[in-house]
Number of protein chains: 2
Amino acid sequence: MEEKKIRNMDELATVIGISRPTLSKYFNDPTKVRSATRERIEAALDQYDYRPNMFAMNQNRRSTRNIGIVVPTIADPFFSEVVRHVEMRCTAAGYWPIVIPSHGATEQELAALDTLRTLKLAGAVIAPLGETSDVERLRQFADETPTVLFDSYLDVGQTFVGNDNFNSIGLMVDYLCRTGQPPCFLDMPAVNLNASERRDAYTASMERLGHEPYVVPISRSNWNFEELGYEEGVRLISNREFPSGTVLCANDRMAIGLLAAAYSKGLRVGRGSGCAMRIAGHDDHPLARFTCPPLTTVAQDYTAIAERSVESLFALIDGNSGAAVPAIQKLEARLIIRDSA
Amino acid sequence: MEEKKIRNMDELATVIGISRPTLSKYFNDPTKVRSATRERIEAALDQYDYRPNMFAMNQNRRSTRNIGIVVPTIADPFFSEVVRHVEMRCTAAGYWPIVIPSHGATEQELAALDTLRTLKLAGAVIAPLGETSDVERLRQFADETPTVLFDSYLDVGQTFVGNDNFNSIGLMVDYLCRTGQPPCFLDMPAVNLNASERRDAYTASMERLGHEPYVVPISRSNWNFEELGYEEGVRLISNREFPSGTVLCANDRMAIGLLAAAYSKGLRVGRGSGCAMRIAGHDDHPLARFTCPPLTTVAQDYTAIAERSVESLFALIDGNSGAAVPAIQKLEARLIIRDSA
DNA sequence: GGAAAAAATTACCGCGCGTAAAATACTATC
DNA sequence: GATAGTATTTTACGCGCGGTAATTTTTTCC
């Protein structure tokens with residue numbers, strides 16, 4: 001193991017006995033050099049552990065291999081899971097994922113876009129805040145960078161990947177009506193378009209089945225869904241204000257809060273006899289399997305959302321790859337029947 | 001609002017009527033230029049919305065304002081919370097946080113270090129894998145970059161910030177013994193040094209109180225703690241193998257699994273009469289408040305860990321700032337008594 | 001063995017900025 | 001208001017790589 005320090009491409013090229021442009025080509029696409037050359041390079045490469053300087057590399061490129069990822073928060077398991085998958089796929093494809101959370105704030109989302117602009121991105125995967133997003137600025141951003149939006153729909157970017165709320169809520173409402181009392185709907189804060197879409201889907205499904213919809217509104221608006229679910233649940237149960245013994249929650253985190261509220265009030269939750277309430281959620285939160293009772297829910301396929309987003313983005317980046325990317329990609333969800341409803 | 005596009009520092013400097021290096025100094029530290037100059041620059045700055053090119057900026061610097069953050073996973077709420085806080089603090093201080101998950105794999109951790117090395121970091125905050133970390137390579141890395149380790153102790157880097165497991169476990173064992181049957185200990189997989197430290201702390205605490213310790217071992221080793229807790233719980237309850245009706249779990253995620261197991265087996269958990277089991281956790285997982293029953297646990301202060309890590313790192317970066325950074329910083333935890341034990 | 005195609009080389013410029021040393025502008029002092 | 005001393009700005013140079021075009025070398029194929 002020679003310990004001669006390699007400072008740049010030139011030195012490495014000299015040591016190998018080839019020219020720098022050839023080495024440069026290798027780093028940009030190993031198949032662009034003859035296999036014999038490639039082997040010599042790779043042999044030298046694990047002898048000297050040289051790595052091209054990221055900054056110098058990207059400075060002179062029209063587009064880099066950086067991919068920006070913007071999400072409202074990484075503390076929510078949905079986003080952390082999707083981000084995790086997106087990152088892994090990007091890395092595997094030789095891209096460089098850069099995650100910037102917008103922390104639920106409009107200015108931070110805009111700051112993230114500004115930051116990403118200086119990075120000459122190959123593309124971006126963005127879960128916009130939704131209601132509070134600056135649509136105009138987002139569109140401006142998407143105009144100059146291949147952009148995939150996910151989770152919360154906005155008419156921005158080349159494509160959107162998200163859950164088909166009408167399908168998933170429909171599945172759940174059907175199931176709940178078929179097996180017991182028609183559900184009321186515990187709304188979530190209007191933090192994004194999923195909120196209203198799910199509410200609308202609930203109403204539509206109920207009406208389709210000939211039942212009176214009943215939406216329990218949420219007054220406050222923040223991302224502490226469990227707490228909202230819990231507090232609202234305690235209040236409603238105490239005042240006997242739940243219009244139905246079956247409650248469909250707009251998402252699992254609300255449902256987890258509601259489960260805790262029911263427990264604290266001594267209400268038995270489930271579909272067995274002797275149960276006072278049925279509670280269902282939406283998303284298949286990683287812990288939904290482990291609530292007491294296990295939560296009946298609709299599974300958004302986290303992995304699929306991540307993969308479709310990334311694949312769409314890669315297609316957009318390649319550009320020429322005939323396969324046009326559809327403007328809207330809604331993924332079907334899967335009903336997960338557990339014990340809570 | 002003039003719409004002349006500014007492409008680089010040169011153009012902006014010309015427009016302002018100063019030299020480019022002066023402008024450069026301003027961006028690196030606004031106090032380094034005369035206030036009159038600063039005002040002219042800032043006036044121009046909000047007229048032209050120019051942003052320096054990140055790559056060109058960093059290429060020629062000895063050290064950048066990049067801060068690397070390496071964690072085993074962002075899917076675990078402990079890490080996602082700490083990362084969130086660290087990111088926010090870094091951004092607020094004008095640094096550029098870059099998160100790279102090691103996904104629980106040694107090679108990925110090493111790859112992360114390699115990647116970070118090319119970034120000429122100002123510093124790094126690392127939660128090492130622990131048992132499976134390549135200590136030698138980590139140390140090598142820490143030798144050339146100011147590095148703070150957190151969560152899982154290794155004798156690497158300039159300082160370590162973590163929970164004082166002997167304190168926290170001691171608190172919990174004391175409490176449990178004081179209020180009922182002495183606990184057995186449901187071990188966690190040996191993914192890092194916290195695992196063995198907590199086990200040792202449990203044993204020591206029990207012996208101190210004159211009780212026989214009993215550790216329930218976990219055979220498999222992965223990060224799906226809830227699942228492990230659940231499956232092990234079901235098995236142990238079915239076979240009546242729990243040596244005590246009080247179970248202290250090595251972390252909350254195991255406890256959440258065990259709660260689900262108890263529920264599925266019809267065992268009532270809590271400290272009231274008529275309860276068959278007491279279950280306690282460790283960490284104060286964000287959902288621990290919302291389990292059924294709410295989980296008695298010891299709160300690691302996520303925010304404090306993040307802040308101490310970042311502050312220590314900043315102190316290391318400043319270097320000269322007299323205040324020496326202690327090699328090991330163990331934070332005290334807080335007993336959180338809820339209903340499960 | 002020779003022509004065509006593929007790969008590698010040479011030679012050059014540009015990117016947008018950092019940095020050390022030199023030059024200039026300020027400030028304090030008397 | 002002249003001078004020394006310091007704070008600020010400018011000059012001059014380099015960083016490590018990408019990109020292109022023209023040329024040379026190597027490989028492939030008939």
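Throughout, protein chains are lettered first and strands after them, A, B, ... in sequence-line order, and every chain is numbered starting at 1.
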Polar contact flag, side-chain donor to acceptor under 3.5 angstrom, S19(A)-T22(A): yes

Touch class at under 4.0 angstrom, heavy-atom based, for T22(B) against every strand present: base

Spacing of N8(B) atom CG relative to dG18(C) atom P, expressed in whole Å: 12 Å

R137(B)/D114(B) ion pair, N-O < 4.0 Å: yes

S19(A) side chain, from C-beta outward: closest of dG16(D), dT9(C), dT10(D): dT9(C)

Sugar-phosphate, base or nothing in reach of P52(B), heavy atoms under 4.0 Å: sugar-phosphate

Nucleotide dA21(D), atom P - distance to NZ of K25(A) in whole Å: 13 Å

Nearest-nucleotide comparison on DNA chain D, the residue closer to the 5′ end among A56(B) and T31(B): T31(B)

Euclidean distance, atom CG of residue L23(B) to atom C1' of dT11(D) [Å, nearest integer]: 16 Å

Euclidean distance, atom CD of residue E11(B) to atom P of dG16(C) [Å, nearest integer]: 9 Å

Ring centre gap for Y302(B) and F78(B) strictly below 6.0 Å: yes

Whole-Å distance separating the OH atom of Y26(B) from the P atom of dT10(D): 16 Å

Distance in angstrom units between N28(A) CG and dT20(D) P, rounded: 11 Å

Residue met sooner reading DNA chain C from 5', once R34(B) and N58(B) are mapped to nucleotides: N58(B)

F55(B) CZ to dC15(C) C1', straight-line distance once rounded to whole Å: 12 Å

dG18(C) base / R20(B) side chain donor-acceptor hit below 3.5 Å: yes

Donor-acceptor contact present, side-chain Q158(A) to main-chain T147(A), <3.5 Å: yes

